[in-house]
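What follows is a short report on a single structure.
A, B, ... follow the sequence lines: proteins, then strands. Residue 1 opens every chain. It should be emphasised that the depicted structure is a prediction, and the values quoted were computed from it without experimental measurement.
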Amino acid sequence: MHCLTLLRPAPPLLAIPSLRLLSRFSSNTSKALLLHFSNLLKRFPQENPYPSNPSPGSRPLWPHPYEYNDLMSAFASAGDSTNVLRLFDEMKRFNCRPDAACYTTVANSLLSSNQPEAAIAVFKEMVSSGVLPDTMAYTVLVKLYACYLRQFELAYEVVHGMRDCGCKPDVVTYSTLITGLCQVGRVSEAFGVLDVMLNEGCVPNAHTYTPILHAYCTAGQIEEAERLVSTMEAVNCVPNVVTYNILIGALSKAGRFNEVENILANCQLKGWEPDVITYSTYMDGLCKAGKVDRSFMLLEEMVSHGLYPNKVTINILLDGLCKRSNSLCAQSILERSSEFGWRPGVVNYNTVMSRLCEVGKYFSVLKLFTDMFKKGLEPDSWTFSIVVQGLCKAGKIRKAKCLFDSNGFLANVVAYNTLIRYLYFLGEVEEVYHLLDQMTKENVVPNHTTYGIMIELLCSEGRFEAAINCFSISLDNGWSPNLVVNLVWGLVAGEKIYKLVKILEWIVKQGFFIDTCIYCSLIKAFCWRGSCQNTEIYTLCYILDLFLKIR
DNA sequence: CTAGGGTTAG
């Protein structure tokens with residue numbers, strides 16, 4: 001990295017012919033790519049050889065947008081949007097005007113790294129530079145609205161509007177829209193889109209149906225999913241390995257391992273081949289169901305098919321080992337990894353450390369934490385959260401706070417929540433408020449867990465209006481029945497029954513889903529308070545009837 | 001250059 005930033009002015013990376021070749025190795029990590037670059041750049045003139053006004057007709061010395069796009073795509077598929085942006089800036093600096101494809105690549109890579117706002121900026125720039133979007137550009141715009149911002153009205157508008165710009169939505173555009181709808185469970189609407197594309201003579205493929213299957217599987221509607229697979233076969237939209245992986249995942253989760261075996265046994269007949277993800281998915285299901293031995297047998301099977309476990313597969317097995325109370329084994333696999341020439345990843349450490357935490361082996365957690373440093377592995381925010389949790393559980397809350405405040409600690413919302421929860425248990429209200437302040441300052445966005453603790457805290461301090469206010473703010477993050485449970489307990493304990501009735505009436509009016517947890521918490525809270533003996537029982541009955549839509 | 005799948009924390 002440093003070699004590149006130190007060279008000023010930096011020559012365009014793409015002026016070196018062999019880089020075009022390099023960019024084909026999209027599976028290469030960005031670091032590997034950068035290493036190649038910095039080596040090549042050492043032989044490159046440090047002066048800027050690129051005149052801003054080339055003589056007409058001469059072959060330009062600087063690279064063509066195609067070449068930049070090739071390289072940007074390589075970084076994009078390596079998940080490195082920072083370098084995509086760097087190249088994008090660079091090409092503009094060298095007066096190499098981005099074409100529609102370049103803008104599309106950059107916007108898409110920003111989406112992949114979850115920066116929808118930045119992607120919008122790229123689209124705006126595209127328009128203001130007078131570059132006309134093509135179908136692919138519009139497709140990424142649909143992806144932005146449907147899969148990231150969930151603004152489906154705008155997504156539909158793009159699909160309709162692109163016709164006027166001389167572009168036709170294609171199977172990718174429609175499949176993208178269907179994906180977005182299915183991700184939020186709007187399956188019937190997705191079928192509506194499918195109808196539209198069929199009417200237009202746009203032929204669906206596996207990408208069109210698979211998101212729908214995914215939605216069914218997420219909702220636990222396995223029978224519907226299986227029926228959809230038959231439909232796909234009937235309309236000549238053959239399910240592929242991804243389709244089957246989703247189905248196998250759902251079946252494994254439901255413990256229906258015989259059916260998984262059946263699907264695997266018939267794969268050749270159906271014309272698809274299991275891959276690493278197929279095996280990993282199945283193995284994870286087996287491990288979670290306690291069938292760790294069977295999972296290890298599958299490891300042998302996949303290797304015999306020429307498929308090799310990757311970090312995820314190994315993580316699943318490590319997790320399985322811990323679940324079978326073999327955390328000591330998992331721990332030594334990590335500690336002694338160099339003996340068998342394996343380099344574990346951060347997630348591998350996180351997995352074993354969190355399992356050790358669960359069984360109270362806090363010393364081992366710290367031991368692995370230091371082992372990571374010895375191996376030169378950088379802990380991530382998950383690691384830190386797990387260690388904070390381990391220290392808190394071990395009763396070393398001061399130590400946890402010290403670690404939290406130390407340099408280099410990557411605090412995310414979970415680390416904050418953990419520390420806040422334990423400090424709250426200890427009655428250190430001052431510190432809790434201080435941490436909540438700090439969270440805002442550090443731009444760590446609170447989530448439902450945070451709001452739950454805040455509601456509890458505010459109620460215990462008698463600040464009921466603030467607690468209710470906190471609840472309404474939490475709705476920006478979506479609906480969480482658990483927060484209502486917190487509010488119920490807090491308000492009943494604080495004898496604010498009138499406030500409780502008001503807020504519950506409002507909740508019912510908004511049409512939020514009332515689950516059994518909320519229902520039970522009300523009954524339990526009233527019983528706990530002893531209200532069942534007096535006239536307040538009528539208030540309780542009133543609310544319960546309200547929930548059941550009797551009133 | 002554009003679409004879908006598997007692992008870890010409160």
Base, sugar-phosphate, or nothing: which does [X] touch, judged by heavy atoms less than 4.0 Å apart?
X        : value
A/Asn310 : base
A/Thr449 : base
A/Val388 : nothing
A/Thr243 : base
A/Thr173 : nothing
A/Ala206 : base
A/Ser175 : base
A/Ser385 : base

Next on the checklist: Using only modelled atom types and a 3.5 angstrom limit, is any donor from either the side chain of A/Ser280 or the base of B/dG6 paired with an acceptor on the other?
Outcome noted: yes
Item to check | Under 3.5 Å donor-acceptor pair, A/Asn315 side-chain atoms to B/dG6 base atoms | outcome: no
For [X] and [N], what is the distance between atoms [atom1] and [atom2] respectively, to the nearest whole Å?
X        : N     : atom1 : atom2 : answer
A/Asn348 : B/dA9 : CG    : P     : 13 Å
A/Ile314 : B/dG6 : CD1   : C1'   : 14 Å
A/Phe409 : B/dA9 : CZ    : C1'   : 11 Å
A/Tyr209 : B/dG4 : OH    : P     : 18 Å
A/Tyr174 : B/dG4 : OH    : P     : 18 Å
A/Tyr103 : B/dT2 : OH    : P     : 18 Å
A/Leu356 : B/dT8 : CG    : C1'   : 13 Å
A/Asp275 : B/dG4 : CG    : P     : 16 Å

Any idea which of [options] is nearest the [X] side chain?
X        : options              : answer
A/Met136 : B/dT2, B/dT8, B/dG10 : B/dT2
A/Asn205 : B/dA9, B/dA3, B/dC1  : B/dA3
A/Asn350 : B/dG4, B/dT8, B/dG10 : B/dT8
A/Val312 : B/dT7, B/dG4, B/dC1  : B/dT7
A/Ile277 : B/dT7, B/dG6, B/dA9  : B/dG6
A/Val172 : B/dG6, B/dG4, B/dA3  : B/dA3
A/Val413 : B/dG4, B/dT8, B/dG10 : B/dG10
A/Val140 : B/dG10, B/dT8, B/dT2 : B/dT2
A/Asp170 : B/dA3, B/dT8, B/dT2  : B/dT2
A/Asp70  : B/dA9, B/dG4, B/dC1  : B/dC1

Would one find a side-chain N or O of [X] under 4.0 angstrom from OP1 or OP2 of [N]?
X        : N      : result
A/Asn108 : B/dA3  : yes
A/Lys393 : B/dA9  : no
A/Gln389 : B/dG10 : yes
A/Lys143 : B/dT2  : no

Checklist entry - salt bridge (Lys or Arg N to Asp or Glu O under 4.0 Å) between A/Lys375 and A/Glu335: does it pass, once the steps are laid out? => result CA-CA 9 Å; A/Lys375 291 204 165 73; A/Glu335 285 173 336; over 6 Å; no
Checklist entry - Do the rings of A/Tyr156 and A/His160 sit parallel, tilted or perpendicular, given the 30° and 60° boundaries? => result parallel
Checklist entry - Should the ring pair A/Phe409 and A/Phe384 be called parallel, tilted or perpendicular, given that the plane angle runs from 0 to 90° and is split at 30 and 60? => result tilted
Checklist entry - Which one of A/Phe88, A/Phe123, A/Tyr138 satisfies the ring-ring contact (aromatic ring centres under 6.0 Å, His included) criterion with A/Tyr103? => result A/Phe88
Next on the checklist: Give me the atom names and distance for the closest heavy-atom approach of A/Val312 to A/Asn310.
Outcome noted: N-OD1, 3.0 Å
Next on the checklist: Is there a side-chain contact between A/Leu436 and A/Met454 in this structure, where contact means two heavy atoms from C-beta onward sitting under 4.5 Å apart?
Outcome noted: yes
Next on the checklist: For the base of B/dA3 and the side-chain ring of A/His207, does the geometry meet a stacking cutoff of under 5.5 Å between centres and under 30° between planes?
Outcome noted: yes
Item to check | Centroid separation A/Phe404 to A/Tyr416 less than 6.0 Å | outcome: yes
